Amino acid sequence: MKRGCSFEKGISGNPRGRPPKSLEERELAAQERKVIADVKAAAKELTQEAIDTLKDAMKAPNAPWAARVAAAGHILDRGWGKPTQPIEANVNWTDSMSLEEKEAMLVMLESIRTARLLPPPANADEDDAGCLQ
């Protein structure tokens with residue numbers, strides 16, 4: 001094995017894969033899934049009552065305005081989904097770079113592109129394929 005390679009060519013670093021979970025871990029995961037499913041089922045059974053409560057709160061003339069608006073919003077979100085939120089993001093990370101940094105990056109990228117177009121050196125060992133030096 002050459003220096004710089006983590007594994008020999010053709011040999012996996014983890015030949016047996018992830019070890020299986022213990023019986024206790026599998027049983028705990030199954031219990032967690034059942035609890036979540038039970039909670040979801042109970043909530044679904046109460047959906048109509050929850051909608052009726054929101055409707056009553058929305059239409060109650062003596063309820064505070066904020067409560068009525070909140071109830072109306074929850075009803076709309078339930079029926080139509082929450083509206084999408086626009087996100088303003090600057091994904092052009094080169095905007096913060098100086099002209100010198102941009103020029104250096106272009107030189108580096110050009111050298112990488114050129115290196116990929118060239119054939120491998122004639123003295124390269126086959127065992128080194130894919131290894132970083």
Side-chain angles (χ1 to χ4, degrees):
M1 182 171 15
K2 290 263 184 189
R3 185 180 180 140
C5 280
S6 298
F7 305 106
E8 291 183 36
K9 185 177 180 180
I11 305 293
S12 170
N14 191 9
R16 294 188 186 139
R18 175 185 276 182
K21 291 184 178 181
S22 69
L23 178 62
E24 182 179 314
E25 290 173 315
R26 291 192 311 264
E27 288 175 347
L28 180 61
Q31 287 174 355
E32 290 171 353
R33 287 191 301 272
K34 184 177 180 333
V35 167
I36 291 170
D38 290 347
V39 169
K40 285 183 177 182
K44 286 180 179 179
E45 287 179 15
L46 297 172
T47 298
Q48 189 58 52
E49 288 178 54
I51 296 284
D52 292 342
T53 301
L54 288 171
K55 179 181 169 186
D56 293 343
M58 184 181 77
K59 291 190 172 190
N62 58 346
W65 182 250
R68 295 174 67 184
V69 170
H74 286 298
I75 291 171
L76 290 173
D77 288 347
R78 176 71 183 190
W80 297 97
K82 292 190 179 217
T84 58
Q85 296 291 319
I87 298 173
E88 185 176 328
N90 180 6
V91 294
N92 190 355
W93 50 273
T94 60
D95 286 350
S96 62
M97 296 173 71
S98 68
L99 181 60
E100 292 81 18
E101 290 172 323
K102 290 177 183 179
E103 289 172 349
M105 182 186 300
L106 288 173
V107 169
M108 182 176 54
L109 290 172
E110 180 62 25
S111 66
I112 293 170
R113 187 187 67 78
T114 304
R116 289 186 178 175
L117 295 175
L118 296 175
N123 62 354
D125 293 344
E126 288 185 24
D127 291 340
D128 287 342
C131 293
L132 297 174
Q133 295 294 324

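Because only heavy atoms are used, hydrogens play no part in the values below, and waters and symmetry mates are left out as well, while side chains stay in. This structure is a prediction, so every number in the text was calculated from the model and none was measured.
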Inset, instruction - In sequence, state the C-alpha distance, the side-chain angles, and the governing distance for Q31 and L28, and then conclude on side chain to side chain contact (heavy atoms under 4.5 Å, CB included). - result: CA-CA 5 Å; Q31 287 174 355; L28 180 61; 4.1 Å; yes
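- Of all heavy-atom pairs between L54 and A71, the closest is O-CB, 3.4 Å.
- Of the inter-residue distances, the one linking R68 atom CZ with N62 atom CG reads 9.0 Å to the nearest 0.5 angstrom.
- Atom OG1 of T53 and atom CD1 of I75 lie 9.5 Å apart (nearest 0.5 Å).
- Counting heavy-atom neighbours within 6.0 Å of K21 NZ, excluding the residue itself, gives a total of 12 or less.
- Without hydrogens or angle criteria, E49 side chain to L46 main chain gives no donor-acceptor distance under 3.5 Å.
- Environment of CZ in R78: sparse, with no more than 12 heavy atoms of neighbouring residues, nucleotides or ligands closer than 6.0 Å.
- A distance of 8.0 Å separates NZ in K55 from CE in M58, rounded to the nearest 0.5 Å.
- Heavy atoms from other residues, nucleotides or ligands lying under 6.0 Å from CD of E24 number 12 at most.
- Here the side chain of T94 pairs no donor or acceptor atom with the backbone of M97 at under 3.5 angstrom.
- A63 approaches A57 most closely through the heavy-atom pair CB-O, 4.0 Å.
- Atom CD1 of residue I51 and atom CG of residue D56 lie 11.5 Å apart, to the nearest 0.5 angstrom.
- At least one side-chain heavy atom of Q48 sits under 4.5 Å from a side-chain heavy atom of D52.
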